[in-house]
Student: 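Quick one: structure below, then a few questions.
Remember, predicted model here, so these are calculated numbers, not experimental data.
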Amino acid sequence: MTTENSTPTDTGHRYTSELAGRLELRWQDRWEDEGTFDAPNPVGDLAADGEQRAEGSKYFLMDMFPYPSGAGLHVGHPLGYIATDVVGRYRRMRGDNVLHALGYDAFGLPAELYAVQTGRHPRETTLENIANMRRQLRRLGLGHDPRRSFATIDPDFVKWTQWIFLQIFNSWYDEDLNRARPIGELIAEFENGARDVPGGAIWADLSAADREEIIAEYRLAYISDAPVNWAPGLGTVLANEEVTAEGRSERGNFPVFKRRLRQWNLRITAYADRLIDDLDRVDWPESGKLMQRNWIGRSHGAQVQFAVPGVDEPVEVFTTRPDTLFGASYMVLAPEHPLVDTLTATAWPSDTDARWTGGATTPAEAVAAYRASAAAKSDVERQENKEKTGVFTGAFATNPVNGEQIPVFIADYVLMGYGTGAIMAVPGHDERDFEFAQSFGLPTPRVIDGEGELPFTGDGCVVNSSNDEISLDGLAVSEAKERIVAWLEQQGTGEGTTTYRLRDWLFSRQRYWGEPFPIVYDEDDTPIALPESMLPVELPEVPDYSPRTYAPDDVESEPEPPLARATDWVNVELDLGDGPKTYRRETNTMPNWAGSSWYELRYTDPHNTERIADPANERYWMGPQEQRRAHDPGGVDFYIGGVEHMVLHLLYVRFWHKVLFDLGYVSSEEPFYRLFNQGYIQAFAYTDERGAYVPADDVTEAEDGTFWYEGRQVQREYGKMGKSLKNVVTPDEMYDQFGADTFRVYEMSMGPLDVSRPWETRAVVGSQRFLQRVWRLVVDEETGATRATDDELDRETLGVLHRTIDGVRGDMEELRFNTAIAKLIELTNHLTKQSVTSRAALQPLAQMLAPFAPHLAEELWERLGHDATITYVPYPQADPRYLVAEEVTCVVQVQGKVRGKLQVSPDIAEDALTELALAEPNVVRTIDGREIRKVIVRAPKLVNIVV
C-alpha cells in the first residue's frame, strides 16, 4: 500500500515516518542516558560534578502544571510545551544554563469522580495517567531535566505544601511594616505592651482560649463562619473564582448558593495593594494585568455611617460617590447582613406602603420569608434580576448630610460579599436603585445636573446638595468628593477609604483527593498546628471517596466530607507537648490550587528534605537580577500557559510567594518575571439534528459544501479542541503518521504563538516535506551516504544564508517561531535549487533547525561529522559583510506604469541608475521618441519617467 509517507521503491534511507520514529527514539534514549538536559544547581545533590556545559547566565523556564487526565493529550495540549522547549533549546545554544522541568498537578476533582465511579483509588488511576502523559511527552522530544520532575501527590511534596500552610497559619500581616511576620512576634508585642490588646484587656489576664480568639483575628490562615459558595450537587464549597458568571460551579455546572459555613480562609486581602502595585514590576501581557487588577477591584471612596434611632450600631456603607449623599433616599442591606435582625422592627410603622411589606403581617415575617427566597438564588441571578424585589425592615436610618429619615430595606440585588453588604441608594443616578425606587414608590431626587432624564449617570455639576454647614452646589464631581469626605471626617460620620472586590481565599474543600490540613483540634475546638516532625499528614483509606451530595437545589443541605467517615484517623492520640491527648483532625482537604501555588520553588531543589529549597539554589534560579532592570522582583524567567489561569492560579501563587518572601524563605518577591499566554489549537466539530456532537473523523463533505455523518446531514462549528466535542486528534496519531519533529514544526509554523489557530491534519504533510528536503541535502536517499562537501559557498548563497541567520535569530528572540520556520524553508529551497551540499551551509541550517526539529538536527549533525550533541553548539551568527544584498531589483516606470526591471547594485548612484533605466529596451520602445519632462529616481529600487 502506498501512502504519502512511503513509496514502493523506499530504500530505507528516505525520511519517512517510520525512519523518523526510529531516529527520534534513538536520540531520546541517548539524551536520557547522557543527561543532556540536566541543569546543575549551585549546591546540593544536583550540583555539577565535573565540567559544566553552560557557562552563561541562568535561564529558568516553565510550563503551567499539566493535569494528568485519563484521556491523555490531544494535539492542542503540546502547543505550549513545544514552545518552551524551543525557547529552552535556543537559550542553551546561546550559552545559558537552562532549567526546564515538568511536574504534575495530580490532586483534584476529576480523579476523585473517577474513583467514585469505579471504586479504584484515585492515587492508582492518577499514577497511570501520569505514566501515560510522560510517555506522550517524552515521545515529543522535550528537553526536560527528568531529575526535577515530581507530582503534587508525592509524600515529600505534600509535606512541604502542608509546611507552607503552617507558615501562613503562624503568620500575621503587619500593616505598619507592610509585610507578614511570625505570629510569635505579635504575641510578644501583646505581652510587653508594645501593641495594645484589642478590647483593652491585659494579655497576662486572658485565658488561653481568649488569647487564641484574639490571635485568630490576625492569622493569615483562619477559620470563619462566613458566607460561602455552597454547591449541593457537588457536596462542596467553592472559591469565588470557581463560580462561573452564571452562578454555577465551574466544574459540573451545578447551581451555587450562598451559605454560612465554618471553613478555612487565607487572608489574601492583606496583600491586595501589593498584588496590584507589583504588577508594574513584571513583564506580563497588559490584558492579563488588567484581569488581575479588575479582580482585586481596588476602589477609592468613603465609608459613611448612617445612624438608626434606637440601635447602638450604625449601618456602614462604602461608596465611590460620596458627592451624591444628598440624593440618598433609602438604604438597602443584603439579606445576610448581620444587622438585619437588630434593625427589624416589631411592627410596621403607621402608613407603611403595602408594596414594602411583601404581604406579611410583621416586619419579622417579611424578612424571614424574603431571606429564604434570596438564599435559593445564585449571586448572578440576584444581580441580573430585572424585577427588583425586597422588603422594608420597619427601620429608618438618618442620612448624615441632611438629617432625613430614610427607610431601610433588604433586597437581593445587594450582596454581602461586596463592600459592606449595605448601600445608600441614590435612585436619581443609579439604574438599579432607580428600578427599585420605581417599584416601591420611593423618591428619586436629582443631585447631578446634566442633560437627560433620570436615572442620569453622566458627568455634570453637583446640585441640590447643601446644608447649613456645607454646600457642594456648582462643584465638579472630583472637588465635591474631596469636600464632602473632609466634612464627614470632621463630623465623625465617615472617612475616606479604599475597598476591594477581592475576598479572602476560601481554602476548604469537602473532598477526599486533596492535601489534608496539618491541623488538629483540642477539646475546646481550638485549631492546633502539627509540628514539622509529624509531616506529611497522609490521606487514610476510606470506604467511599465521594462527599455526600444532594439535589442540586437543596440549599438547606450540609457538607459531609469523605474523611469524616475515617473515624480511626480523625480521632487521634498525640503528644504535642502537654502529654498524650486525644485530638480531632480536620476533615476538609485543601483545594487543588495548593500544590500549584508554590511548585516553581520545588523545581529549583526537588530532593531537599530539610527545606522547600536551599537558599543558594532559590537565589540562583529565581533571585532578583538588577542587570535585567532596577528593582527587579526576581522570579521565573519565562512562564507560559493559558490566559484562563490569569485570576485563579496566578493570583494564588503570587500570594503564597509573597508570604514566603516576607518570612525570609525566598529572595524573589514575584514567582514569575515574564509571562506569556499561548493561543489554542482549534478544530471543526459537528452536531446532528439533536445538537449532539458526532465523531469529526467520520464526517464527510459533499460537493455542495454540506456535511454528512452516517447518512444524516450535520452542522459544522468551530472552536476549541476537546473530548466532549468529539474532534480530538492525539499526538500518538501524529507520531505514527508523520513523526514527532514534523508535528513540532507544524505546530510552531501554524501562526503567531499567542494567537489561536485551526488544526488541519492534511496540512501537516507540508511540514514533513520541508524536513524531507532538509534530509536530502545531507543524506543520499539511495545509499544513505552523507552528501556533504567542503566546497566554498558562492556569493549569492552566502548572502541568502547570512540574511537567514540574522532574520531567524531575531525571530527567535521575539518568539516569532512561525516566521523563523518560513525563513528556514526559504533557505532550504535555495540550497536545494542550487544543489548546495557544502558543510558551510548545511551545518548552520542544522543548528537553526535544532530547536524545532531536534531529533533530525541531531542526526544530521552527527552525519556531518560531529560526536557531541548539537544541544550546546553555539547558535550561528550572521556575518555583516553578507547582510546587504549583492543586487536588488529596480522597477522602471513610464507614466507610473511598470515597463522594465533592472538588477543593480544596492549602492548605485542616481545618475548611473537613470542612465541604465533610459537605456532599457522596453522603456525605449514605450517612450518612442517623446520628450522626457522629468525622471524621478529613488535609488536603488525605483525610477519613474514622466514624458
Student: Is a donor on one side and an acceptor on the other found under 3.5 Å between the side chain of E717 and the backbone of A685?
Tutor: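 Looks like no, no N/O pair under 3.5 Å.
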Student: Given 3.5 Å as the limit, does a donor-acceptor pair link the side chain of E24 with the main chain of D741, or not?
Tutor: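 Pair found, side chain donor or acceptor close to backbone of D741.
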Student: Taking R757 for the side chain and E747 for the main chain, is one N or O donor matched with an acceptor at less than 3.5 Å?
Tutor: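 Yes: the side chain of R757 pairs with the backbone of E747.
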Student: Would you confirm whether D96, through its side chain, and V98, through its main-chain N or O, come within 3.5 Å as a donor-acceptor pair?
Tutor: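 No; zero donor-acceptor contacts below 3.5 Å.
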Student: Sort and list the pairs that fulfil salt bridge (Lys or Arg N to Asp or Glu O under 4.0 Å) and have at least one residue in residues 854-875, not counting sequence neighbours.
Tutor: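 Every pair satisfying salt bridge (Lys or Arg N to Asp or Glu O under 4.0 Å) with a residue in residues 854-875: R26-E859, R26-E862, R30-E862, E859-R863.
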Student: So for atom CZ, which belongs to R933, do other residues, nucleotides or ligands contribute more than 12 heavy atoms lying within a distance under 6.0 Å?
Tutor: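 12 or below, so no.
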Student: Whether the H13 and T783 side chains hold a donor-acceptor pair (N or O, under 3.5 Å, no angle test) is what I'd like checked.
Tutor: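 On atom types as modelled, these side chains do not qualify, holding no pair under 3.5 Å.
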Student: On a heavy-atom basis, which atom in F37 and which in Y872 lie closest, and how many Å separate them?
Tutor: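 So the two residues come closest at CA-OH, 4.2 Å.
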Student: What I'd like to find out is whether the side chain of K941 reaches to under 4.5 Å of the side chain of V891, using heavy atoms alone.
Tutor: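 Sidechains of V891 and K941: no contact.
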Student: Taking atom CD of E792 as the centre, does the number of heavy atoms from other residues, nucleotides or ligands within less than 6.0 Å exceed 12?
Tutor: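 For E792, atom CD is not crowded (no more than 12 foreign heavy atoms under 6.0 Å).
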Student: So T84 and M62, side chain to side chain contact (heavy atoms under 4.5 Å, CB included) or not? Walk me through it.
Tutor: CA-CA 7 Å; T84 46; M62 275 179 57; over 6 Å; no
Student: Using modelled atom types and a 3.5 Å cut-off, is there a donor and acceptor pairing between side-chain atoms of R91 and backbone atoms of G88?
Tutor: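 Side chain of R91 to backbone of G88, a donor-acceptor pair under 3.5 Å: no, none is there.
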Student: Does some side-chain heavy atom of F738 sit less than 4.5 Å from a side-chain heavy atom of F743?
Tutor: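 Not in contact.
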Student: Taking the side chain as every heavy atom from C-beta outward, state whether Y875 and M812 have any atom pair closer than 4.5 Å.
Tutor: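 Yes; the side chains approach each other to less than 4.5 Å.
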Student: Salt bridge check, E32 against R138: does any charged N sit closer than 4.0 Å to a carboxylate O?
Tutor: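 Yes.
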Student: Taking distance alone, no hydrogens or angles, what donor-acceptor pairs closer than 3.5 Å link side-chain atoms of residues 893-904 to residues at least two apart or in another chain?
Tutor:
unit_1, atom_1, unit_2, atom_2, d
Q895, OE1, V947, N, 2.8
Q903, OE1, T889, OG1, 2.8

Student: Does any donor atom in the side chain of Y90 or E813 lie under 3.5 Å from an acceptor atom in the other side chain?
Tutor: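 Checked: Y90/E813 side chains pair up, N/O donor to acceptor below 3.5 Å.
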Student: Taking atom types as modelled, find out whether D704 and T706 have a side-chain donor-acceptor pair closer than 3.5 angstrom.
Tutor: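 D704 vs T706: donor-acceptor pair found between side chains.
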Student: Hey, are H802 and D879 close enough side-chain-wise for a donor-acceptor pair under 3.5 Å?
Tutor: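 No pair is found: no donor N or O on one side chain lies under 3.5 Å from an acceptor on the other.
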Student: Is any side-chain heavy atom of L845 closer than 4.5 Å to a side-chain heavy atom of L860?
Tutor: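 Side chain of L845 against side chain of L860, heavy atoms only: no contact under 4.5 Å found.
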Student: Report the C-alpha distance between L140 and D85 in whole Å, list the side-chain angles of each, state the deciding distance to 0.1 Å, and finish with yes or no for side chain to side chain contact (heavy atoms under 4.5 Å, CB included).
Tutor: CA-CA 10 Å; L140 200 56; D85 191 57; over 6 Å; no
Student: Between E760 (side chain) and A763 (backbone), is there a donor-acceptor pair under 3.5 Å?
Tutor: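 Checked: no pair found.
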Student: Kindly indicate whether the side chain of W775, heavy atoms from C-beta on, has any atom under 4.5 Å from the side chain of L23.
Tutor: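 Result yes, sub-4.5 Å side-chain heavy-atom pair found.
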Student: Return the minimal non-hydrogen interatomic distance between P285 and L675, and the atom names on each side.
Tutor: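 Closest heavy-atom pair between P285 and L675: CD-O, 3.3 Å.
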Student: May I have the step-by-step check of ring-ring contact (aromatic ring centres under 6.0 Å, His included) for W759 and Y746, ending in yes or no?
Tutor: CA-CA 10 Å; W759 177 266; Y746 175 66; 5.0 Å; yes
Student: For K823 and T804, indicate whether the former's side chain and the latter's backbone hold a donor-acceptor pair under 3.5 Å.
Tutor: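 Between the backbone of T804 and the side chain of K823 there is no qualifying donor-acceptor contact (under 3.5 Å).
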Student: Measure across T837 and L842 and return the closest heavy-atom pair with its distance rounded to 0.1 Å.
Tutor: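 The answer is O-CD1, 3.5 Å.
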Student: Going by the angle between their ring planes, with limits at 30° and 60°, are H855 and W31 parallel, tilted or perpendicular?
Tutor: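 It falls in the tilted class, 30° to 60°.
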Student: Assess whether side chain to side chain contact (heavy atoms under 4.5 Å, CB included) is satisfied between L849 and W861, documenting all intermediate values.
Tutor: CA-CA 11 Å; L849 186 63; W861 191 249; over 6 Å; no
Student: Does any non-hydrogen side-chain atom of V636 lie less than 4.5 Å from one of P671?
Tutor: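 Counting from C-beta outward, P671 and V636 never come under 4.5 Å.
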Student: If you measure from OG1 on T700 to OH on Y686, what distance do you get to the nearest 0.5 Å?
Tutor: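 Reported to 0.5 Å precision, the distance equals 9.5 Å.
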Student: Any donor-acceptor pair under 3.5 Å linking the side-chain atoms of Q136 with those of H77?
Tutor: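 Judged by distance alone, the side chains do not pair up.
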Student: List the atom of V836, the atom of L777, and the distance in Å for their closest heavy-atom pair.
Tutor: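 So the minimum-distance heavy-atom pair works out to O-CD2, 3.8 Å.
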Student: Is the closest side-chain heavy-atom distance between S287 and M291 below 4.5 Å?
Tutor: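 Not touching, per the 4.5 Å side-chain cut-off.
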Student: Between Y882 and R803, is any pair of side-chain heavy atoms under 4.5 Å apart?
Tutor: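 In short, these two side chains do not touch, never coming nearer than 4.5 Å.
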Student: Check whether the side chains of Q625 and D637 place a donor and an acceptor atom closer than 3.5 Å, and report yes or no.
Tutor: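 Side chains of Q625 and D637: pair found under 3.5 Å.
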Student: Checking D794 side chain against T797 main chain: does a donor-acceptor pair fall under 3.5 Å?
Tutor: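 Checked: pair present.
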Student: Does this structure show an ion pair linking D283 with K289, if we count only N-O contacts that are shorter than 4.0 Å?
Tutor: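 A salt bridge is absent here (no side-chain N lies under 4.0 Å from a carboxylate O).
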Student: If you measure from OG on S57 to CG on N97, what distance do you get to the nearest 0.5 Å?
Tutor: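 CG of N97 is found 9.5 Å from OG of S57.
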Student: Count the heavy atoms belonging to other residues, nucleotides or ligands that lie under 6.0 Å from CZ of R293, then report whether that count exceeds 12.
Tutor: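 Above 12, so yes.
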Student: Would the distance check show the side chain of T16 and the main-chain N or O of L19 forming a donor-acceptor pair, the cut-off being under 3.5 Å?
Tutor: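 Present.
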Student: Main chain of R776, side chain of E781: is a donor-acceptor contact present, judged purely on distance under 3.5 Å?
Tutor: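 Between the backbone of R776 and the side chain of E781 there is no qualifying donor-acceptor contact (under 3.5 Å).
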Student: Taking atom types as modelled, is there a side-chain donor on D63 or H100 under 3.5 Å from an acceptor on the other?
Tutor: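 Yes - a donor-acceptor pair under 3.5 Å links their side chains.
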Student: Which atom pair, heavy atoms only, marks the closest approach of P876 to M848?
Tutor: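 So the minimum-distance heavy-atom pair works out to CG-CG, 4.0 Å.
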Student: Do Y680 and E644 pair up side chain to side chain, a donor and an acceptor below 3.5 Å, judged on atom types alone?
Tutor: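 The criterion, which ignores hydrogens and geometry beyond distance, is satisfied for E644 and Y680.
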Student: Can you name the closest pair of heavy atoms from A740 and R139 and give their distance?
Tutor: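 Answer, listing the atom of A740 first, then R139: CB-O, 3.3 Å.
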Student: Are Q737 and T742 close enough, and set up right, to give a side chain to side chain contact (heavy atoms under 4.5 Å, CB included), and what steps lead you there?
Tutor: CA-CA 10 Å; Q737 191 173 353; T742 293; over 6 Å; no
